[in-house]
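Presented below is the structure to which this report refers.
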Amino acid sequence: MTPRVRFAPSPTGFFHVGSARTSLFNWLYARHTGGAFVLRIEDTDTERNRDEWQAGILSAMAWLGLTYDEGPFLQSSLLADHTAAAEALYGAGRLYACDCTRDAIDERTKDAAKPGYDGFCRRRGLSRSPETALRFAVAREGETVVHDLIRGDVTFANASYEDFVVVRPNGVVLYPLANLVDDRSIGITHVIRGEDLLPTAPKQVMMWEALNDCDGVESVPLPRYAHLPMLVNEQRKKLSKRKDPVAVESYRDQGYLPEAFVNYLALLGWSPRGGDEKVSRETLVEQFALEDVSHSPAFFDVKKLTHLNGEYLRAMSLEQFVEAARPWVAPWSSPWRPTTAPPWTAEEFDEALFTRVAPLVQERVTTLGEVPAMVAFFFGALRLDEAAFAKTIGGDPLGQTMLAVAIERFAGLTWSATTLHEATAELGEALGLALRKAQAPIRCAVTGTLVGPPLFESLEILGREPVLARLRDALARANA
RNA sequence: GGUCCCAUCGUCUAGUGGCCUAGGACAUCACCCUCUCAAGGUGGAGGCACGGGUUCGAAUCCCGUUGGGACUGCCA
């Protein structure tokens, strides 16, 4: 039987990096084995679900290239199956009615050795009513084994589980059963999910087998399980939506590339053969195996992601880089755009000019979001960094002298990076300045800051008149 | 508290009893390159949590200790 795996997020927030990792590993397993990757949206928590979250999951998955073969199925459309399964279990005596409130249970068990439900209603023979929930009668003895592809067999004593609620008084079937019924309905053969769900796996095994024993219910083989190690923060805690930067959307917004993001995610809990960690999607698919997945939690290290992103950026052709940078430098001509707009207008932007400077910035940025700041001086009015100006021009007479002689010299120069470089070096030498000191006031006057792409290439591209104008402006400002 | 999972440099990992004087990557430090900033190059520091076994031999197998984490909802 060809494997069928699923990714089953619930749209209760931004698409989380942990979810992205789970989704990716499911996708990789499907692609590696030639199986099917099915998407199911668990949209039954109406209190917390929002349409925009659902759209966010879909667009983030598309961005990452996690294409699904079937779906998205909506859990809300599978409700009838849930109810039918619950009825079958109830009919077979595996579920019983319970009218205990949380408070009543707590009151009864507050002095007991073990907390949780005490099985109070198990033998009361209550009939179902709008006040009763349905609980699963867990075997009091024996053990349940979860066969996990990553961890091996994990054994749980049945006695360590209480009779958990499966159906609410209002008839709604809860997650543990609903999730499993959906997996049966959709024909899932491998359940690949986070390790946080390992403790609930025995419940699902118990119910899966109970369902198989019910009259009139088709027997379905148990799925194989694979529980992926958690993704944690610096404190070694499960990544938190509130405290940690986990929204996949925000990484896209900052200018991380999907290839780099996927590559990095794959490195969390798994590693490619050979020394190279920068590997293509094809290599990932070819080499991926659940058996090789690590058992221990992994820290989501943005620094390493960033480095990898830089490698991907530098490996691009000029055309690819210019295109990739479009949403950040020319959002008006891009179907998708980041939340931050560049500091220039569509009229001020010049694509041909950007294409010329692109190679200079391509090897200097680690994310596409850094591009605008690096090329801002090419487009629109100069934005001057006051501190940089004070340091190299305003408070430095030599800097002013440098500007003055540069204005004179540049005016009649054959305009090229090489000649500008030589001229600046000579001018500086005459003033007793090393090139690094001599170029600083010019850089500041022309680009507004002290860091940026190579100066002389930038001057060449910007053109003589704009450069001279900015040098004069800076000098005038110093003398004002 | 109970159940379960986990344990190699700061971080992600390679390692499945001898090839390990433990390899790589990120981060970090130094140097080189250099018009700023990067990138790149070279080199350095840095780890098998601890204690017992098993074995001729243990990072690798077993037991215990310690430490960390997850779960313990009429959420998903």
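So you know, we letter chains A, B, ... as the sequences are listed, proteins then strands, and number each from 1. Bear in mind the structure is a predicted one, so any value in this text is a computation, not a measurement.
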Under 4.0 Å: is that the gap between some side-chain N or O of A:R436 and OP1 or OP2 of B:U36? yes
Go through B:C6, B:A39, B:C75 for me and flag the one nearest to the A:P297 side chain. B:C6
For the atom pair CG (A:L435) and NE2 (A:H421), what is the distance rounded to the nearest 0.5 Å? 4.5 Å
Checking all strands, does A:L455 fall into the base, sugar-phosphate, or nothing category for heavy-atom contacts under 4.0 angstrom? base
State whether A:R236 places a side-chain N or O below 4.0 Å from either non-bridging phosphate oxygen (OP1 or OP2) of B:C6. no
Any base atoms under 4.0 Å from A:H421, or only sugar-phosphate, or nothing? Heavy atoms, all strands. base
Selected nucleotide, minimal atom distance to A:P199 side chain, candidates B:C35, B:C71, B:G69: B:C71
Using only side-chain N and O atoms of A:R443, determine if any of them is under 4.0 Å from OP1 or OP2 of B:C35. no
Exercise: do A:T200 and A:Q204 side chains pair donor with acceptor under 3.5 Å: no
So which nucleotide from B:U36, B:U13, B:G40 ends up closest to the side chain of A:S294? B:U13
Can you tell me which nucleotide in B:C6, B:C71, B:C26 comes closest to the side chain of A:D196? B:C71
Would you indicate what A:G428 reaches in the nucleic acid, counting non-hydrogen atoms under 4.0 angstrom: base, sugar-phosphate, or nothing? nothing
Is A:T200 close enough to B:C71 that one of its side-chain N or O atoms is under 4.0 Å from OP1 or OP2 there? no
In terms of side-chain heavy atoms of A:H295, which of B:A7, B:A27, B:C4 is nearest? B:A7
Would you mind reading off the distance between A:E457 atom CD and B:U34 atom P, rounded to a whole angstrom? 14 Å
Under 4.0 Å, counting only non-hydrogen atoms across every strand here, what does A:R151 touch: a base, just sugar-phosphate, or nothing? sugar-phosphate
What's the closest nucleotide to the A:F156 side chain, out of B:U3, B:A76, B:C74? B:U3
Using only side-chain N and O atoms of A:K238, determine if any of them is under 4.0 Å from OP1 or OP2 of B:C71. yes
Cation-aromatic face contact A:R464/A:F410, 6.0 Å, 45 degrees: no
Return the value, rounded to whole Å, for the distance between atom CG of A:L177 and atom P of B:C75. 14 Å
Heavy atoms only, 4.0 Å cut-off, all strands: where does A:E47 land among base, sugar-phosphate and nothing? nothing
Touch check for A:G116, heavy atoms < 4.0 angstrom, all strands: base, sugar-phosphate only, or nothing? nothing
Side-chain N or O of A:K237 less than 4.0 angstrom from OP1 or OP2 on B:G69? yes
So which nucleotide does B:U3 pair with, by the Watson-Crick or G-U wobble rule with both distances under 3.5 Å? B:A70
Where each residue is assigned the nucleotide of RNA chain B containing its nearest heavy atom, which of A:P176 and A:R314 is assigned the position nearer the 5′ end? A:R314
For A:Y29 and A:F288, take the angle between the two ring planes, folded into 0 to 90°, and tell me which bin it lands in: parallel under 30, tilted 30 to 60, perpendicular over 60. perpendicular
Euclidean distance, atom CD of residue A:E277 to atom P of B:C26 [Å, nearest integer]: 8 Å
CH2 of A:W415 to CD1 of A:I461: how many Å apart, nearest 0.5 Å? 12.0 Å
